[in-house]
Visitor: 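I am attaching a structure below and will ask some questions about it afterwards.
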Amino acid sequence: MRFDILTIFPEMFREVLGCSILGIAQEKGAVSYHLHDIREYTGDKHRRVDDRPYGGGPGMVMMPGPVVRAVEAVEAADETPSLQVLLTPQGRTFDQEMAAELAQTRRIMLICGRYEGFDERIRLALGAEEVSIGDYVLSGGELPAMVIIDAVVRLQKDVLGHPDSALQDSFGVEGCLDFPQYTRPPEFRGMRVPDVLLSGNHQKIAEWRAKQAKLRTISRRSDMLEASR
Ligand code: 6GU
C-alpha cells in the first residue's frame with residue numbers, strides 16, 4: 001500500500017513514519033510513504049502557499065494553486081489511482097470502520113492544510129474525501145494524517161507480530177473496549193494479578209476477558225453498545 005503525504009511540513013513526519021510499527025511495515029515492504037512539500041508547487045519565488053481571506057477576518061487561507069498543482073503532480077507519479085483525503089475539521093469523523101475501509105485501498109493521498117483552512121475551490125477542484133479525526137481544533141492536518149496512517153497500517157496483513165492483535169484491540173471484538181491486561185510481576189504494590197490469568201485454563205481466561213471487556217464498555221462507553229444494536 002502506498003501513502004502520498006502532501007504538507008508544508010514534511011519534516012514532521014520523518015521520525016513518526018520511521019519508528020515502531022510504521023517503520024517496520026515499510027521495511028517489510030507492506031507499505032511505502034512518499035512525502036511531498038506543497039511549497040515545491042508554488043511557482044513563485046517567495047514560495048507562498050497562503051494568503052489573507054477575501055472578505056476579511058483573522059488568519060490565513062491555503063491558496064488553491066499550489067495545493068491543486070501538488071495533488072495533480074503527485075497523482076501522476078504512480079499509475080495506481082489514489083483515494084484522495086483532505087484533512088479538515090469539517091470532514092467525516094474518522095473511526096475504526098473508516099480505518100478498515102481505507103486499509104483495503106492500494107494508494108491513499110493525504111492532503112494536509114494549515115492556517116484557517118483551504119480555499120473552497122480546492123474542495124471543488126479535487127472532489128477529495130474530507131476527513132476529521134474528532135471534535136477539537138488542531139493547527140493543521142499533519143497530526144491527523146499521522147493518526148490515520150497509524151490506524152490503517154496496523155491493519156495491513158503481516159504488519160503486526162500476531163495476526164490476532166488487530167482483531168483483539170478495542171473496537172475489534174464486537175465493538176467492546178479492551179479487557180484489562182497484566183504482565184509480570186504477579187504482585188505490584190499489593191495489587192495482585194487476577195488468579196484466573198495465572199490458572200492456565202484458556203476457556204476460563206477467555207470467559208473472564210469477555211466479561212471484563214463488556215463490563216468496562218458498559219461503565220465507560222455505553223454509547224458504543226447502543227450504537228452496535
Ligand atoms: Cl483533520 N484538521 C484540523 N486542523 N483540526 C482537526 C482535524 C483536522 N481533525 C480534528 N481536528
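Ligands are counted one by one from 1 in listed order, and the atoms in each one are counted from 1 as well. Throughout, numbering of the chain's residues begins at 1 and tracks the sequence.
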Visitor: Minimum heavy-atom separation for Leu86 and Phe118, please, with both atom names.
Guide: CD1-CZ, 3.5 Å
Visitor: Of the listed options (Gly134, Pro89, Ser139), which comes nearest to atom 10 (C) of ligand 1 when hydrogens are ignored and any heavy atom counts?
Guide: Gly134
Visitor: Measure the distance from atom 4 (N) of ligand 1 to every protein heavy atom, then report the residue, atom name and distance (to 0.1 Å) of the closest one.
Guide: Leu138 O, 3.0 Å
Visitor: Please report the shortest heavy-atom distance between Val74 and Met109, naming the atom on each side.
Guide: CG1-CE, 4.0 Å
Visitor: Which ligand 1 atoms does Leu87 reach within 4.0 Å, using its non-hydrogen atoms?
Guide: 1 (Cl)
Visitor: Judging by distance only, is a nitrogen or oxygen of Ile133 under 3.5 angstrom from one on ligand 1?
Guide: yes
Visitor: Considering only heavy atoms of Val131, which atoms of ligand 1 have at least one such atom less than 4.0 Å away?
Guide: 1 (Cl)
Visitor: Just which atoms of ligand 1 are under 4.0 Å from any heavy atom in Pro144?
Guide: 1 (Cl), 7 (C), 8 (C)
Visitor: Mind running side-chain contact (heavy atoms from CB on, under 4.5 Å) on Thr7 and Asp37 for me, showing each step along the way?
Guide: CA-CA 5 Å; Thr7 169; Asp37 188 344; over 6 Å; no
Visitor: Tell me, please, which residues at least two apart from Glu120 pass salt bridge (Lys or Arg N to Asp or Glu O under 4.0 Å).
Guide: Arg123
Visitor: Which atom names give the shortest non-hydrogen contact between Gln84 and Glu75, and what distance separates them?
Guide: NE2-OE1, 3.1 Å
Visitor: Carefully, step by step, assess Asp78 and Arg107 under the rule side-chain contact (heavy atoms from CB on, under 4.5 Å).
Guide: CA-CA 9 Å; Asp78 189 284; Arg107 184 180 179 203; 3.7 Å; yes
Visitor: Would Asp44 and Arg47 count as a salt bridge (charged side-chain N to carboxylate O under 4.0 Å, His left out) if you check the C-alpha gap in whole Å, the side-chain angles of each, and the deciding distance to 0.1 Å?
Guide: CA-CA 5 Å; Asp44 150 17; Arg47 307 196 353 130; over 6 Å; no
Visitor: What atoms of ligand 1 come within less than 4.0 Å of a heavy atom belonging to Ser132?
Guide: 1 (Cl), 9 (N), 10 (C)
Visitor: Distance under 4.0 Å to a non-hydrogen atom of Thr88: what atoms of ligand 1 satisfy this?
Guide: 1 (Cl), 8 (C)
Visitor: Which residue and atom name correspond to the protein heavy atom nearest atom 6 (C) of ligand 1, and how close is it?
Guide: Tyr136 O, 3.6 Å
